[in-house]
Amino acid sequence: MPELPEVETVARGLAKRLEGRKLVKVETRRGDLRWPFPKGFAKRLTGRRVDKVRRRAKYIVAELDDGNALLAHLGMSGRMLLSKGRPELETHDHVIFETDEGWVLRFNDARRFGMMDIVATEKLEKHKLIKGIGPEPLGNDFSGPVLAAALKGKKTSIKAAILDQKVVAGVGNIYASEALYRARISPKRLAYTVQGDRAEKLALAIKIVLNEAVAAGGSSLRDYVQADGELGYFQHKWRVYEKEGQDCPDCAGKIRRIVQGGRSTFYCPSCQR
DNA sequence: CTTTCGTCCTGACTGC
DNA sequence: TGCAGTCAGGACGAAA
(Lines give C-alpha, C1' and ligand atoms only; values in the text may rest on other atoms or scores of the structure.)
Protein backbone atom coordinates (compact mmCIF):
# COMPACT_ATOMS: atom_id res chain seq x y z
CA MET A 1 0.00 0.00 0.00
CA PRO A 2 1.51 3.30 -0.91
CA GLU A 3 2.59 5.23 2.15
CA LEU A 4 5.36 7.81 2.31
CA PRO A 5 8.26 5.46 1.46
CA GLU A 6 6.53 3.97 -1.56
CA VAL A 7 5.47 7.37 -2.84
CA GLU A 8 8.99 8.70 -2.30
CA THR A 9 10.42 5.81 -4.29
CA VAL A 10 7.90 6.29 -7.08
CA ALA A 11 8.68 10.02 -7.20
CA ARG A 12 12.41 9.32 -7.46
CA GLY A 13 11.84 6.80 -10.20
CA LEU A 14 9.69 9.25 -12.09
CA ALA A 15 12.23 12.03 -11.62
CA LYS A 16 14.84 9.96 -13.38
CA ARG A 17 12.79 9.63 -16.55
CA LEU A 18 10.70 12.78 -16.49
CA GLU A 19 12.86 15.63 -15.21
CA GLY A 20 14.03 17.81 -18.07
CA ARG A 21 11.82 15.88 -20.50
CA LYS A 22 8.95 17.20 -22.51
CA LEU A 23 5.59 15.46 -22.43
CA VAL A 24 4.86 14.90 -26.10
CA LYS A 25 1.66 12.95 -25.57
CA VAL A 26 -0.81 12.71 -22.71
CA GLU A 27 -3.96 10.63 -22.81
CA THR A 28 -6.70 9.89 -20.31
CA ARG A 29 -8.67 6.73 -20.95
CA ARG A 30 -11.66 7.61 -18.78
CA GLY A 31 -13.12 10.80 -17.38
CA ASP A 32 -12.31 10.33 -13.72
CA LEU A 33 -10.33 8.53 -11.08
CA ARG A 34 -11.56 9.28 -7.59
CA TRP A 35 -12.70 12.63 -9.01
CA PRO A 36 -13.06 13.91 -12.56
CA PHE A 37 -9.88 15.09 -14.23
CA PRO A 38 -9.75 18.89 -14.43
CA LYS A 39 -10.97 20.45 -17.64
CA GLY A 40 -8.47 20.18 -20.49
CA PHE A 41 -6.21 17.95 -18.38
CA ALA A 42 -4.34 16.19 -21.19
CA LYS A 43 -4.14 19.28 -23.35
CA ARG A 44 -2.73 21.41 -20.54
CA LEU A 45 0.07 18.92 -19.94
CA THR A 46 0.95 18.19 -23.54
CA GLY A 47 4.08 19.97 -24.71
CA ARG A 48 5.11 20.90 -21.17
CA ARG A 49 8.57 20.19 -19.87
CA VAL A 50 8.83 18.57 -16.43
CA ASP A 51 11.25 20.55 -14.31
CA LYS A 52 11.05 18.62 -11.07
CA VAL A 53 9.31 15.60 -9.56
CA ARG A 54 8.95 15.48 -5.81
CA ARG A 55 6.74 14.22 -3.02
CA ARG A 56 4.52 16.03 -0.53
CA ALA A 57 2.88 13.78 2.06
CA LYS A 58 1.57 10.88 -0.06
CA TYR A 59 1.20 13.06 -3.14
CA ILE A 60 3.48 13.17 -6.16
CA VAL A 61 4.14 16.67 -7.48
CA ALA A 62 5.52 17.14 -11.00
CA GLU A 63 6.46 20.76 -11.52
CA LEU A 64 6.08 21.95 -15.10
CA ASP A 65 7.72 24.72 -17.10
CA ASP A 66 4.54 26.81 -17.23
CA GLY A 67 4.26 27.43 -13.49
CA ASN A 68 1.78 24.63 -12.97
CA ALA A 69 2.28 21.26 -11.36
CA LEU A 70 0.68 17.89 -11.88
CA LEU A 71 -0.57 16.66 -8.52
CA ALA A 72 -1.12 12.91 -8.23
CA HIS A 73 -2.13 10.51 -5.49
CA LEU A 74 -1.80 6.74 -5.87
CA GLY A 75 -4.74 6.01 -3.60
CA MET A 76 -4.78 2.37 -2.55
CA SER A 77 -3.88 0.56 -5.70
CA GLY A 78 -2.31 3.17 -7.98
CA ARG A 79 0.83 2.09 -9.83
CA MET A 80 3.21 3.95 -12.09
CA LEU A 81 4.57 1.79 -14.91
CA LEU A 82 7.48 2.91 -17.07
CA SER A 83 8.53 1.40 -20.35
CA LYS A 84 10.63 2.40 -23.30
CA GLY A 85 8.19 2.64 -26.16
CA ARG A 86 4.49 1.85 -26.34
CA PRO A 87 3.54 -1.24 -24.33
CA GLU A 88 0.45 -3.37 -24.62
CA LEU A 89 -2.09 -1.56 -22.46
CA GLU A 90 -3.48 -3.40 -19.46
CA THR A 91 -6.80 -3.26 -17.68
CA HIS A 92 -7.01 -0.17 -15.46
CA ASP A 93 -4.35 1.79 -17.35
CA HIS A 94 -6.10 5.14 -16.94
CA VAL A 95 -3.52 7.77 -17.92
CA ILE A 96 -0.66 7.51 -20.41
CA PHE A 97 2.23 9.99 -20.66
CA GLU A 98 4.91 9.86 -23.34
CA THR A 99 8.18 11.81 -23.17
CA ASP A 100 10.36 13.19 -25.95
CA GLU A 101 12.85 10.41 -25.19
CA GLY A 102 10.26 7.76 -25.94
CA TRP A 103 9.58 6.68 -22.37
CA VAL A 104 5.96 5.81 -21.70
CA LEU A 105 4.47 6.18 -18.25
CA ARG A 106 1.18 4.51 -17.42
CA PHE A 107 -0.88 5.20 -14.34
CA ASN A 108 -2.70 1.98 -13.52
CA ASP A 109 -5.22 2.02 -10.68
CA ALA A 110 -7.68 -0.83 -10.26
CA ARG A 111 -9.60 0.66 -7.35
CA ARG A 112 -9.47 4.23 -8.63
CA PHE A 113 -8.92 5.76 -5.20
CA GLY A 114 -6.13 7.74 -6.85
CA MET A 115 -6.46 11.26 -8.20
CA MET A 116 -4.77 13.73 -10.52
CA ASP A 117 -5.11 17.47 -10.71
CA ILE A 118 -3.26 20.47 -12.06
CA VAL A 119 -2.38 23.26 -9.65
CA ALA A 120 -0.29 26.44 -9.85
CA THR A 121 3.00 25.35 -8.27
CA GLU A 122 3.08 28.44 -6.07
CA LYS A 123 -0.34 27.64 -4.71
CA LEU A 124 0.31 23.96 -4.04
CA GLU A 125 0.16 24.34 -0.27
CA LYS A 126 -3.18 26.10 -0.66
CA HIS A 127 -4.67 23.29 -2.73
CA LYS A 128 -7.79 21.87 -1.14
CA LEU A 129 -6.16 18.47 -0.63
CA ILE A 130 -2.79 19.74 0.62
CA LYS A 131 -3.92 22.57 2.85
CA GLY A 132 -3.87 21.51 6.47
CA ILE A 133 -1.51 18.58 6.01
CA GLY A 134 1.01 18.40 8.82
CA PRO A 135 4.81 18.49 8.75
CA GLU A 136 6.96 16.18 6.67
CA PRO A 137 8.26 13.60 9.14
CA LEU A 138 11.65 13.37 7.45
CA GLY A 139 12.13 17.13 7.39
CA ASN A 140 13.64 19.41 10.01
CA ASP A 141 10.35 20.81 11.20
CA PHE A 142 9.18 17.50 12.65
CA SER A 143 10.40 16.69 16.14
CA GLY A 144 9.28 15.40 19.53
CA PRO A 145 7.98 18.79 20.70
CA VAL A 146 6.18 19.40 17.40
CA LEU A 147 4.51 16.01 17.61
CA ALA A 148 3.66 16.53 21.28
CA ALA A 149 1.99 19.84 20.45
CA ALA A 150 -0.08 18.22 17.69
CA LEU A 151 -1.22 15.46 20.06
CA LYS A 152 -2.11 17.79 22.90
CA GLY A 153 -5.75 17.45 23.88
CA LYS A 154 -6.39 14.66 21.35
CA LYS A 155 -8.75 12.11 22.84
CA THR A 156 -8.31 9.45 20.17
CA SER A 157 -5.84 6.60 20.30
CA ILE A 158 -2.25 7.36 19.39
CA LYS A 159 -2.62 4.97 16.45
CA ALA A 160 -5.51 6.94 14.99
CA ALA A 161 -3.71 10.21 15.73
CA ILE A 162 -0.58 9.44 13.73
CA LEU A 163 -2.71 8.22 10.83
CA ASP A 164 -4.23 11.69 10.77
CA GLN A 165 -2.40 13.56 8.00
CA LYS A 166 -2.89 16.82 9.89
CA VAL A 167 -0.69 15.52 12.71
CA VAL A 168 2.11 14.22 10.54
CA ALA A 169 2.26 13.72 6.78
CA GLY A 170 2.69 10.41 5.04
CA VAL A 171 2.19 7.81 7.78
CA GLY A 172 -0.29 5.12 6.77
CA ASN A 173 -1.65 2.02 8.40
CA ILE A 174 1.50 -0.06 8.06
CA TYR A 175 4.09 2.39 9.32
CA ALA A 176 1.78 3.56 12.10
CA SER A 177 2.00 0.06 13.62
CA GLU A 178 5.71 -0.19 12.87
CA ALA A 179 6.56 3.19 14.41
CA LEU A 180 4.56 2.52 17.58
CA TYR A 181 6.25 -0.83 17.93
CA ARG A 182 9.68 0.73 17.59
CA ALA A 183 8.78 3.40 20.15
CA ARG A 184 7.36 0.75 22.51
CA ILE A 185 4.10 2.66 22.74
CA SER A 186 0.77 0.87 22.85
CA PRO A 187 -1.47 1.78 19.90
CA LYS A 188 -4.35 2.00 22.38
CA ARG A 189 -2.73 4.72 24.47
CA LEU A 190 -4.64 7.99 24.32
CA ALA A 191 -2.92 10.47 22.04
CA TYR A 192 -2.78 13.32 24.56
CA THR A 193 -0.71 11.18 26.94
CA VAL A 194 2.10 10.99 24.41
CA GLN A 195 4.14 13.96 25.54
CA GLY A 196 7.71 14.73 26.52
CA ASP A 197 10.00 11.74 26.28
CA ARG A 198 7.30 9.53 24.75
CA ALA A 199 6.67 12.04 21.98
CA GLU A 200 10.41 12.33 21.42
CA LYS A 201 10.69 8.57 21.11
CA LEU A 202 7.73 8.32 18.77
CA ALA A 203 8.91 11.14 16.50
CA LEU A 204 12.29 9.44 16.24
CA ALA A 205 10.69 6.04 15.61
CA ILE A 206 8.59 7.50 12.80
CA LYS A 207 11.69 8.98 11.21
CA ILE A 208 13.68 5.76 11.52
CA VAL A 209 10.95 3.47 10.24
CA LEU A 210 10.23 5.68 7.24
CA ASN A 211 13.89 6.30 6.47
CA GLU A 212 14.64 2.58 6.54
CA ALA A 213 11.78 1.88 4.18
CA VAL A 214 12.85 4.65 1.81
CA ALA A 215 16.36 3.22 1.83
CA ALA A 216 15.02 -0.28 1.15
CA GLY A 217 13.00 1.08 -1.74
CA GLY A 218 15.98 2.85 -3.22
CA SER A 219 18.37 -0.06 -2.93
CA SER A 220 16.05 -2.77 -4.12
CA LEU A 221 15.19 -1.12 -7.40
CA ARG A 222 17.74 -1.09 -10.15
CA ASP A 223 17.50 2.43 -11.56
CA TYR A 224 14.22 2.59 -9.65
CA VAL A 225 12.52 0.57 -12.35
CA GLN A 226 11.73 -3.08 -11.88
CA ALA A 227 11.81 -5.58 -14.70
CA ASP A 228 8.09 -5.14 -15.26
CA GLY A 229 8.44 -1.37 -15.27
CA GLU A 230 6.66 -0.89 -11.98
CA LEU A 231 7.95 1.87 -9.81
CA GLY A 232 8.13 2.09 -6.09
CA TYR A 233 7.24 -1.26 -4.56
CA PHE A 234 9.78 -3.39 -2.80
CA GLN A 235 10.42 -6.14 -0.31
CA HIS A 236 9.38 -4.98 3.13
CA LYS A 237 10.83 -5.97 6.44
CA TRP A 238 7.95 -5.35 8.76
CA ARG A 239 8.39 -6.23 12.42
CA VAL A 240 4.75 -6.44 13.42
CA TYR A 241 2.54 -5.61 10.46
CA GLU A 242 0.73 -8.76 9.30
CA LYS A 243 2.65 -10.77 11.90
CA GLU A 244 -0.33 -11.74 14.06
CA GLY A 245 0.44 -14.74 16.26
CA GLN A 246 4.16 -14.61 15.60
CA ASP A 247 6.80 -14.06 18.26
CA CYS A 248 7.70 -10.49 19.11
CA PRO A 249 11.21 -9.87 17.73
CA ASP A 250 12.26 -8.28 21.00
CA CYS A 251 10.52 -10.03 23.86
CA ALA A 252 8.69 -13.21 24.80
CA GLY A 253 5.34 -11.81 23.72
CA LYS A 254 3.22 -12.64 20.71
CA ILE A 255 2.12 -10.11 18.12
CA ARG A 256 -1.57 -9.32 18.34
CA ARG A 257 -3.96 -7.85 15.79
CA ILE A 258 -6.72 -5.48 16.87
CA VAL A 259 -9.07 -3.24 14.91
CA GLN A 260 -9.06 0.50 15.53
CA GLY A 261 -11.34 2.74 13.55
CA GLY A 262 -11.98 -0.10 11.16
CA ARG A 263 -8.26 -0.59 10.46
CA SER A 264 -5.98 -3.38 11.53
CA THR A 265 -3.32 -2.59 14.08
CA PHE A 266 -0.51 -4.99 14.93
CA TYR A 267 1.43 -4.70 18.17
CA CYS A 268 3.11 -6.54 21.02
CA PRO A 269 0.98 -6.22 24.17
CA SER A 270 3.86 -7.15 26.42
CA CYS A 271 6.49 -4.65 25.33
CA GLN A 272 4.34 -1.78 24.08
CA ARG A 273 2.88 0.34 26.85
C1' DC B 1 -14.51 22.55 17.23
C1' DT B 2 -13.41 17.11 17.46
C1' DT B 3 -14.21 12.46 16.41
C1' DT B 4 -16.36 8.62 14.24
C1' DC B 5 -18.13 6.34 10.46
C1' DG B 6 -19.77 5.38 5.68
C1' DT B 7 -18.17 5.50 1.24
C1' DC B 8 -15.71 4.98 -3.05
C1' DC B 9 -13.58 0.46 -5.96
C1' DT B 10 -11.73 -4.10 -7.46
C1' DG B 11 -8.95 -8.16 -6.70
C1' DA B 12 -7.67 -11.71 -3.62
C1' DC B 13 -9.11 -14.89 -0.72
C1' DT B 14 -12.40 -17.97 2.11
C1' DG B 15 -16.06 -21.06 2.75
C1' DC B 16 -19.89 -23.65 1.23
C1' DT C 1 -15.75 -25.22 -10.44
C1' DG C 2 -18.65 -21.43 -9.07
C1' DC C 3 -20.38 -18.06 -6.56
C1' DA C 4 -21.46 -15.14 -2.56
C1' DG C 5 -19.38 -12.92 1.09
C1' DT C 6 -15.52 -10.57 3.35
C1' DC C 7 -11.54 -7.90 3.57
C1' DA C 8 -7.93 -4.59 2.35
C1' DG C 9 -6.96 0.53 2.76
C1' DG C 10 -6.42 6.60 1.84
C1' DA C 11 -8.93 10.17 2.83
C1' DC C 12 -13.02 12.83 1.94
C1' DG C 13 -17.26 14.41 3.70
C1' DA C 14 -21.35 13.69 6.33
C1' DA C 15 -23.06 12.83 10.75
C1' DA C 16 -22.88 12.93 15.68
Side-chain angles (χ1 to χ4, degrees), chain A residues 1-11 28-38 55-61 71-81 89-95 106-117 119 124-137 149-180 187-194 206 210 213 228 230 232-233 236 238 240-245 257-267:
Chain A
M1 312 304 123
E3 299 185 26
L4 183 151
E6 292 78 18
V7 179
E8 178 67 31
T9 306
V10 171
T28 54
R29 307 189 67 247
R30 51 176 299 128
D32 60 70
L33 295 171
R34 178 169 184 173
W35 296 293
F37 289 101
R55 177 191 60 74
R56 170 70 173 113
K58 295 175 196 168
Y59 291 85
I60 294 163
V61 181
L71 179 66
H73 196 294
L74 301 173
M76 280 296 311
S77 55
R79 301 182 300 150
M80 294 288 188
L81 301 153
L89 292 188
E90 295 169 36
T91 320
H92 310 305
D93 281 346
H94 302 312
V95 191
R106 287 174 291 153
F107 177 66
N108 181 289
D109 185 8
R111 276 168 248 189
R112 297 206 308 277
F113 285 9
M115 60 75 63
M116 286 194 189
D117 198 4
V119 56
L124 175 69
E125 288 296 322
K126 295 194 163 80
H127 188 279
K128 187 171 180 267
L129 300 173
I130 303 292
K131 187 179 53 179
I133 290 183
E136 286 293 329
L151 297 174
K152 204 173 168 196
K154 274 207 171 297
K155 293 173 175 54
T156 48
S157 68
I158 185 63
K159 159 76 185 317
I162 58 172
L163 275 182
D164 183 348
Q165 300 298 295
K166 293 191 284 295
V167 171
V168 56
V171 176
N173 202 46
I174 295 167
Y175 296 104
S177 282
E178 293 293 319
L180 288 166
K188 294 193 277 192
R189 174 176 281 278
L190 295 177
Y192 67 82
T193 69
V194 178
I206 289 170
L210 295 178
D228 60 1
E230 179 160 356
Y233 292 80
H236 294 273
W238 300 324
V240 291
Y241 189 76
E242 284 185 340
K243 305 285 185 195
E244 183 179 19
R257 171 184 178 272
I258 58 172
V259 175
Q260 294 178 291
R263 300 284 181 262
S264 293
T265 302
F266 297 86
Y267 76 114

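Values in this document were obtained by computation on a predicted structure and should not be read as measured data. Because only heavy atoms are used, hydrogens play no part in the values below, and waters and symmetry mates are left out as well, while side chains stay in. Each chain gets a letter, A, B and so on, in the order its sequence line appears, and its residues count up from 1.
Heavy atoms of A:Arg34 sit under 4.0 angstrom from at least one base atom. As judged by a 4.0 angstrom heavy-atom cut-off over every strand, A:Arg30 is placed among residues making no nucleic acid contact. Nucleic acid contact class of A:Lys166 (heavy atoms, under 4.0 Å, all strands): none.
OP1 or OP2 of C:dA8 lies within a sub-4.0 Å distance of a side-chain N or O belonging to A:Arg257. For A:His92 and B:dC9, the shortest distance from a side-chain N or O to OP1 or OP2 is not below 4.0 Å. Side-chain N/O atoms of A:Lys155 include none lying less than 4.0 angstrom from OP1 or OP2 on B:dT2. Regarding contacts with the backbone of B:dC9, every side-chain N or O of A:Ser77 stays at 4.0 angstrom or more from both OP1 and OP2.
The only member of A:Arg257, A:Lys188, A:Lys159 that meets side chain to side chain donor-acceptor pair (under 3.5 Å) when paired with A:Thr265 is A:Lys159.
With centroids closer than 5.5 Å and planes inclined by less than 30 degrees as the test, A:Phe113 and the base of C:dG10 pass as a stacked pair.
Rounded to an integer number of Å, the gap from CE of A:Met76 to P of B:dA12 is 13 Å.
Minimum heavy-atom separation, A:Ile162 to A:Val171: O-CB, 3.5 Å. Minimum heavy-atom separation, A:Tyr59 to A:Ile133: CE1-CD1, 4.0 Å.
At least one donor-acceptor pair closer than 3.5 Å links the side chain of A:Asn173 to the backbone N or O of A:Ser264.
Among B:dG11, C:dA8, C:dG13, the nucleotide with an atom closest to any side-chain atom of A:Arg111 is C:dA8.
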